[in-house]
Peer 1: 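Take this structure, written in structure tokens, and hold onto it; I'll ask about it next.
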Amino acid sequence: MADRIAVMNAGVIEQIGTAEQVYRWPATRFVAGFVGECNFLDAIVQGVEGRFGCFSIGPVVVRVGFAGGAVASGTVGSVALRPEDISIVDSHGEPPPQSNVAEARTLDCVYFGSKYHYKVSLTDGPDLLVCRQRDARAPLAPGTHVRIVWPWDCGVFFTGKS
């Protein structure tokens with residue numbers, strides 16, 4: 001048992017921290033992909049507001065945090081987003097404050113015991129993995145129009161091409 005983790009890549013330490021720090025706030029794209037499932041979405045910086053930035057992911061504009069220092073508008077990179085941080089919500093409900101909202105459609109659904117893994121496609125955008133806890137509702141059929149929501153602080157932007 002340990003209370004700190006070191007993630008190495010080719011013999012070089014990329015991040016040292018608690019399990020939560022490494023998982024929720026990865027220092028590099030490598031760490032994000034190495035520790036758990038992660039969606040990587042190509043993004044362009046549109047602007048910066050404090051520790052959050054506005055990014056375009058295809059036609060969708062979202063807000064997420066930065067892994068490093070300030071970046072200029074127009075910077076190309078990727079947003080790392082954990083599948084379990086994304087919710088599929090009722091299209092008539094009001095999303096929570098400080099949340100990103102995007103329209104999507106389901107492409108596939110895989111049963112994993114206590115949860116379903118959905119592959120969804122953003123409208124005119126990329127595909128991503130979404131985890132949804134299993135409950136009394138039937139799984140969503142492929143082609144179902146959905147809204148997906150995730151909090152601003154549940155994503156990290158990394159500069160550079162994927």
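Each residue takes its place number in the sequence, starting with 1. This structure is a prediction, so every number in the text was calculated from the model and none was measured.
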Peer 1: side-chain contact (heavy atoms from CB on, under 4.5 Å) for V130 and I88? Distances and angles first, verdict last.
Peer 2: CA-CA 8 Å; V130 177; I88 297 174; 3.9 Å; yes

Peer 1: Just so I know, are the side chains of I57 and V79 near enough to count as touching, which here means a heavy-atom distance under 4.5 Å?
Peer 2: yes

Peer 1: Output yes when a side-chain donor or acceptor of T106 lies under 3.5 Å from a complementary backbone atom of G143, and no otherwise.
Peer 2: yes

Peer 1: What distance separates I44 CD1 from C54 SG, expressed to the nearest 0.5 Å?
Peer 2: 13.5 Å

Peer 1: Applying side chain to side chain donor-acceptor pair (under 3.5 Å) to R29 and S78, what does each step give before you reach the verdict?
Peer 2: CA-CA 8 Å; R29 184 183 160 98; S78 59; 2.8 Å; yes

Peer 1: Return the CG to NE2 distance between D108 and H117, rounded to the nearest 0.5 Å.
Peer 2: 11.5 Å

Peer 1: If you measure from CZ on R63 to CG on D153, what distance do you get to the nearest 0.5 Å?
Peer 2: 13.5 Å

Peer 1: Is there a donor-acceptor pair under 3.5 Å between the side chain of D124 and the backbone N or O of P59?
Peer 2: no

Peer 1: Would a 4.5 Å heavy-atom cut-off, applied to side chains only, mark V60 and T123 as touching?
Peer 2: no

Peer 1: Using 0.5 Å steps for rounding, measure from the CD atom of Q133 to the CD atom of E84.
Peer 2: 10.0 Å

Peer 1: Answer whether the closest heavy-atom distance between the side chains of D127 and L107 falls below 4.5 Å.
Peer 2: yes

Peer 1: Report yes or no: does E37 contribute a side-chain atom to a donor-acceptor pair with the main-chain N or O of L129 at less than 3.5 Å?
Peer 2: no

Peer 1: Is any side-chain heavy atom of P26 closer than 4.5 Å to a side-chain heavy atom of V35?
Peer 2: no

Peer 1: Please check: side-chain N/O of R105 versus main-chain N/O of L122, any donor-acceptor pairing under 3.5 Å?
Peer 2: no

Peer 1: For the residue pair L81 and C38, establish whether any side-chain heavy-atom pair is separated by less than 4.5 Å.
Peer 2: no

Peer 1: Under 6.0 Å from the ring centre and within 45 degrees of the ring axis: does the NZ or CZ of R134 meet both conditions for the six-membered ring of Y116?
Peer 2: no

Peer 1: As an exercise, state the distance from CG of N100 to CZ of F55, rounded to the nearest 0.5 Å.
Peer 2: 10.0 Å

Peer 1: Hey, could you give me the CD/CG distance between E14 and N9, rounded to the nearest 0.5 Å?
Peer 2: 4.5 Å

Peer 1: Is the backbone N or O of T18 less than 3.5 Å from a side-chain atom of Y23, with the two atoms forming a donor-acceptor pair by type?
Peer 2: no

